[in-house]
Amino acid sequence: MPVNPTIQFYLNQLQNDLPTTYDRLDPFELRRQEDAMMTRFQHKERVHDVENLEMALNGRSIPARIYRANDSIAPTLVYYHGGGYVTGSLDTHDAICRTLANEADCTVISVGYRLAPEHKFPAAVEDAYDALAWVAEHSETLRVDASRLAVGGDSAGGTLATVSALIALERGGPAVTHQLLFYPVTGTEENLPLSLIEYANGYLLDEGLIRWFQHQYFNDEKELTDPYASPIFSPYLEKLPSTTLLTAEYDPLRDLGRAYANKLVSLGVPVDYKNYAGLIHGFANYYFYVPEAKRAVKEAARALRDAFTHENTRP
């Protein structure tokens, strides 16, 4: 099916603003523009309680925000925002965290990890895992049910989520009940997946921008196949918990997410994978304005709620 009409209208409006080359794109200006745009047009649902805090990690502190759907000790999703490791913040993903908290009837803790190019790989990974461990360690104070702790995120945040779960397995860290991954960047065992060819241009996230994000975050090309950057290469995949993984039809990264889901299934991991027709990369941020995106987000939240209910943690 064609691109969703609302999203296509948005793409048409952006067409004249997109650079023909990314050589001179300023990461700090891009961050400022995206923060302004994404915070301006969000529809924020009411939740029971919202609290900002600082996570005191090893030698540093990072911001976080807690969204509580109720006053009880609750199952909790540790959430990592997208933005290519360069953009995004607690504010840009405030709306989606509120919706997930309400729809999944859980607590959501959004993590403000360090961004590139100021902080290169693996700084974001270190923050992501340390934040997960911090939540587990402070579960009593945070009123978090540590036996029902999930990770989730969109795009680069989806990568950080699944990598955090893998590091937890590697280091004997917190037990993770479930993964909720929106179009994650999981690496590829293929030379060039079809979606990277078919949707290389014209769908917001394009080939040039992908390469630009990589240049900002990674120190060299060898890091692209590091399991902490491309989790499909991790030796711990078969031990991951149940997973919900969503991709979009018109996303150059679609086939990477699909390959990751297939790899997990082949190793015996329970996976609920769905590719959404007519949508593009980043659709979770448009869910209020695009009915198909809203359906996807609600279905993802329902899967998370079911995972918490059944407590389907794997050894």
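Below, all heavy atoms of this structure are taken into account, side chains as well, without hydrogens, waters or symmetry copies.
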Checklist entry - Would one find more than 12 heavy atoms of other residues, nucleotides or ligands at under 6.0 Å from atom CD1 of Ile73? => result no
Next on the checklist: Tell me whether Leu77 shares a hydrophobic cluster with Leu90, the cluster being built from Ile, Leu, Val, Met, Phe, Trp, Tyr side chains joined at under 4.5 Å.
Outcome noted: no
Item to check | NE2/His48: more than 12 non-hydrogen atoms of other groups inside 6.0 Å | outcome: yes
Checklist entry - Does NZ or CZ of Arg171 come closer than 6.0 Å to the centre of the six-membered ring of Tyr129, within 45° of the ring's axis? => result yes
Checklist entry - Are Phe28 and Leu30 in one and the same hydrophobic cluster, where Ile, Leu, Val, Met, Phe, Trp and Tyr link if side-chain heavy atoms are under 4.5 Å apart? => result no
Next on the checklist: With a 4.5 Å cut-off on side-chain heavy atoms, are Thr244 and Leu246 touching?
Outcome noted: yes
Next on the checklist: Atom CG of residue position Asn58 - does it have more than 12 heavy atoms of other residues, nucleotides or ligands inside 6.0 Å?
Outcome noted: no
Next on the checklist: So for atom CZ, which belongs to Arg46, do other residues, nucleotides or ligands contribute more than 12 heavy atoms lying within a distance under 6.0 Å?
Outcome noted: no
Item to check | With Glu137 via side-chain hydrogen bond (donor to acceptor under 3.5 Å, both in side chains) - residues at least two apart | outcome: none
I'd like a table of donor-acceptor pairs (distance under 3.5 Å, sequence neighbours excluded) in which one partner is a side-chain atom from residues 191-204, with atom names and distances.
unit_1	atom_1	unit_2	atom_2	d
Ser195	OG	Pro252	O	2.7
Ser195	OG	Asp255	N	3.1

Next on the checklist: Is the distance between the ring centroids of Tyr113 and Tyr85 under 6.0 Å?
Outcome noted: no
Checklist entry - Could you go step by step and tell me if Leu181 and Thr162 meet the side-chain contact (heavy atoms from CB on, under 4.5 Å) rule? => result CA-CA 8 Å; Leu181 312 178; Thr162 192; 4.1 Å; yes
Checklist entry - Does the pair Ser110 and His81 meet the rule for a side-chain hydrogen bond (donor to acceptor under 3.5 Å, both in side chains), with working shown? => result CA-CA 8 Å; Ser110 182; His81 66 77; over 6 Å; no
Checklist entry - Are side-chain heavy atoms of Asp127 and Val111 found at a separation under 4.5 Å? => result no
Next on the checklist: One thing to verify: whether Glu29 and Arg32 come together as a salt bridge, which I'm taking to mean a side-chain N less than 4.0 angstrom from a carboxylate O.
Outcome noted: yes
Next on the checklist: Thr188 vs Ile232, test: side-chain contact (heavy atoms from CB on, under 4.5 Å). Steps then yes/no.
Outcome noted: CA-CA 7 Å; Thr188 178; Ile232 199 167; over 6 Å; no
Checklist entry - Do the rings of Phe121 and Tyr217 sit parallel, tilted or perpendicular, given the 30° and 60° boundaries? => result perpendicular
Checklist entry - Of the options Arg98, Lys44, Arg65, which is the one that meets Asp91 in a salt bridge (Lys or Arg N to Asp or Glu O under 4.0 Å)? => result Arg65
